[in-house]
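In what follows, chains carry the letters A, B, and so on, assigned in the order in which the sequence lines appear, proteins first and then strands, with residues in each chain numbered from 1. All values reported here derive from a predicted model rather than from experimental measurement. Both backbone and side-chain heavy atoms feed into the values below; hydrogens, waters and symmetry mates do not.
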Amino acid sequence: MKDLKIDWFADNVLDAVQATVDEVSEEGAEKIAEEARSVLMAKAKYPSGNLADEIEVKISRFKGGGYIVQAQGPGNYTRYYASFVELGSIHNPEPVPYMRQGLKKNRTKIQNEFKNRLVARLRRER
Amino acid sequence: MKLLKQGIYTKFVGSALAGAVTNRLYYARAPQGSSFPYIIYNIVSTSDDWDFTSSFMEFEVQFSIFSSTDLSVETVATALRTLYDHCTLTVTGWTFLYMQPNFAAENNSVGDDPPTFGRTISYEVLIEKART
C-alpha cells in the first residue's frame with residue numbers, strides 16, 4: 001500500500017491568520033493614534049493641533065514588526081518637540097503622556113480583538 | 001494624591017538616592033536656578049476601580065532626572081531604581097499592593113547651550129482599601 005497523505009490546506013489557514021493579524025494590527029494602531037491625538041488636544045498646555053496632526057501610523061521597517069504609531073516620526077517633520085511634550089523637559093517639566101495613554105487605553109481592547117477576530121476567521125476556514 | 005506623595009517622599013528621605021541628588025526631589029517643577037542633578041516627579045494619571053469588597057486606585061508616577069552630564073543622570077537613575085523598583089510605600093489608610101516600573105526613556109536636550117541630560121522613569125502604583 002502506498003503512503004496515505006492528507007492535505008489539510010495549512011497554507012490557507014496560515015494566510016487567513018496572517019491577514020487577520022495584519023488587519024487588527026493596523027486597526028489597533030489607528031485606535032492608539034486616535035486616542036493619543038485626543039489626549040493631546042485635551043491635556044496639552046498649548047493644544048494647537050500641530051503635533052496631533054503629526055501622529056501617524058506606519059508599517060514597521062522590521063520584518064514582522066507590524067504597525068507602529070509615531071509622533072513627528074523620522075523624515076516627515078520639521079519640528080521635534082513630541083518627546084518633550086510626552087516626557088516633559090527641563091523647560092516644561094509637566095509631562096503629557098499622550099502616546100502612553102493611547103497605548104494603555106487600547107492595549108486590552110486590541111488583545112481581545114485579536115482573539116475574537118482570529119477565532120471568527122478560523123471558524124470560517126473550517 | 002497627597003498621601004501617595006507623602007509615601008514617595010518618606011521613602012526618599014535619608015536614602016542613597018537623596019544623597020545622590022542632595023535632597024533635590026521636587027513635585028511638578030523645580031525651583032528656579034536649582035543645581036544639578038535633581039529629580040521632578042509627577043503623577044501623570046490616576047484611575048480608580050472597585051469590586052464587591054474593595055476600592056482600588058492606580059497611579060502612574062513619572063520621575064524625571066535632569067543633570068549636566070549623562071554619567072550623573074545614569075548614577076541617579078541607578079539609585080532611583082534601587083530605591084523604587086518593586087518597593088513598598090506607606091500610604092496611610094490604604095493597603096499598598098505594588099509599585100512596578102513600566103517605562104524608561106532618555107530625555108536629553110542636547111540642543112540647549114549647555115546641553116542638559118535627562119532620564120524618565122515611570123511606575124505603576126496600585127493601592128487598595130476596604131469599601132465601607
* Consider only side-chain heavy atoms of I, L, V, M, F, W and Y, link residues closer than 4.5 Å, and tell whether B/Tyr38 and B/Ile121 are in one cluster. => no

* Asked: Measuring heavy-atom distances to chain A, does B/Tyr41 have an atom under 4.5 Å in its side chain, in its backbone, in both, or in neither?
  -> neither

* Minimal non-hydrogen separation, A/Phe84 against B/Asn108, with atom names -> CE2-O, 3.6 Å

* Over 12 foreign heavy atoms within 6.0 Å of CZ, B/Arg131 -> yes

* Asked: Among B/Ile40, B/Thr116, B/Val44, B/Asn107, which residue forms the greatest number of heavy-atom pairs with chain A at distances under 4.5 Å?
  -> B/Asn107

* To do: Measure across A/Leu87 and B/Ala105 and return the closest heavy-atom pair with its distance rounded to 0.1 Å.
  => CD1-CB, 4.2 Å

* Asked: Above 12 or not: heavy atoms from other molecules or residues under 6.0 Å from NZ of A/Lys115?
  -> no

* Structure fact -> Applying a strict 4.5 Å limit to non-hydrogen atoms, the region of A/Glu86 in contact with chain B is backbone

* Do B/Trp94 and B/Phe59 belong to the same hydrophobic cluster, where Ile, Leu, Val, Met, Phe, Trp and Tyr are linked whenever their side-chain heavy atoms lie under 4.5 Å apart, directly or via other members? -> yes

* Asked: CG of A/Leu14: more than 12 outside heavy atoms within 6.0 angstrom?
  -> yes

* **Same apolar cluster (I L V M F W Y, side chains within < 4.5 Å links), B/Phe56/B/Met1** => no

* To do: Step by step, work out the side-chain contact (heavy atoms from CB on, under 4.5 Å) result for B/Phe36 and A/Ile90.
  => CA-CA 11 Å; B/Phe36 288 134; A/Ile90 198 160; 3.3 Å; yes

* Structure fact -> Under 4.5 Å to a heavy atom of chain A? For B/Tyr26 that would be neither

* Asked: Would you say the side chain of B/Asp112 lies within less than 4.5 Å of the side chain of A/His91, judging by non-hydrogen atoms?
  -> yes

* Determine whether B/Val91 and B/Val61 fall in the same hydrophobic cluster, where Ile, Leu, Val, Met, Phe, Trp and Tyr are linked whenever their side-chain heavy atoms lie under 4.5 Å apart. => yes

* **Residue B/Asn102 versus chain A: region with a heavy atom under 4.5 Å** => neither

* Asked: At a heavy-atom separation under 4.5 Å, does B/Ser47 approach chain A through its side chain, its backbone, both, or neither?
  -> neither

* **Closest-packed option against chain B by number of heavy-atom pairs under 4.5 Å, given A/Ser89, A/Pro93, A/Ser83** => A/Pro93

* Please tell me if the side chains of A/Pro97 and B/Phe103 come closer than 4.5 Å, counting only heavy atoms from C-beta onward. => no

* Asked: Does B/Gln62 reach the side chain of A/Arg100, with side-chain heavy atoms less than 4.5 Å apart?
  -> yes

* Closest contact, heavy atoms only, A/Lys104 versus B/Ser45 -> NZ-OG, 4.0 Å

* To do: Give a yes or no on whether B/Phe12 and B/Val125 share a hydrophobic cluster (residues Ile, Leu, Val, Met, Phe, Trp, Tyr; joining criterion: side-chain heavy atoms under 4.5 Å apart).
  => yes

